[in-house]
Amino acid sequence: VTKWFQATYLTAMPPRVAAEELGVHPWVYESKITPAVQCWGRTGSQSLLMDLAVAERAVLNGALNPWTVLMTRLLAASSR
């Protein structure tokens, strides 16, 4: 997800240059990252990052069921 968010700022670059900037193989950039960026966009990627951070915080704080926190946040993100 962090690569998706970073890639949202590299859309004006050619795919090979953007892949090099992210430190990934051009195939990974074109077949895995680009479709996600087109689907989620900058705002959606940022939202997913925040949702993952909340879930990680739940794990680190010893929440009773951090899996529920993660699934709830991801389901809410998918409906936006």
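The model shown is predicted, which means the values in this text are computed figures rather than measured ones.
Applying the salt bridge (charged side-chain N to carboxylate O under 4.0 Å, His left out) test to every pair with at least one member in residues 13-26, sequence neighbours left out, gives no pairs at all. Residue pairs meeting the salt bridge (charged side-chain N to carboxylate O under 4.0 Å, His left out) criterion with at least one member in residues 39-63, sequence neighbours excluded, are Asp51-Arg73, Asp51-Arg80.
Scanning both residues, Ala58 and Pro66, for their nearest heavy atoms gives CB-CB, 4.1 Å. Contact detail for Glu30 and Pro35: the closest heavy-atom pair is O-CD, 3.5 Å.
By the criterion of side-chain heavy atoms lying less than 4.5 angstrom apart, applied directly or through intervening Ile, Leu, Val, Met, Phe, Trp or Tyr residues, Val37 is grouped together with Trp27 in one hydrophobic cluster. Hydrophobic clustering (ILVMFWY, side-chain heavy atoms < 4.5 Å, transitive): Trp40 and Leu49 are in one cluster.
By the 4.5 Å heavy-atom criterion applied to side chains, Leu48 and Ser45 are not counted as neighbours. Residues Tyr29 and Lys3 form no side-chain contact, since every pair of their non-hydrogen atoms from C-beta on lies 4.5 Å or further apart.
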Under the criterion side-chain contact (heavy atoms from CB on, under 4.5 Å), I'd like the reasoning laid out for Leu70 against Leu52: C-alpha separation, chi angles, the key distance, then a yes or no. CA-CA 7 Å; Leu70 175 63; Leu52 292 173; 3.7 Å; yes
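Note that the CD1 atom of Ile33 and the CZ atom of Phe5 stand 14.0 Å from one another [nearest 0.5 Å]. Taken to the nearest 0.5 Å, the CH2 atom of Trp4 stands 12.5 Å off from the CD atom of Gln38. Tyr9 contributes atom OH, which lies 13.0 Å from atom CG of Leu22 (distance to the nearest 0.5 angstrom). Distance CE/Met71 to OG/Ser78: 9.0 Å, rounded to 0.5 Å.
Within a 6.0 Å sphere centred on CG of Leu75, other residues, nucleotides and ligands contribute more than 12 heavy atoms.
In this view, Thr68 and Asn65 satisfy the side-chain hydrogen bond (donor to acceptor under 3.5 Å, both in side chains) rule, not counting sequence neighbours.
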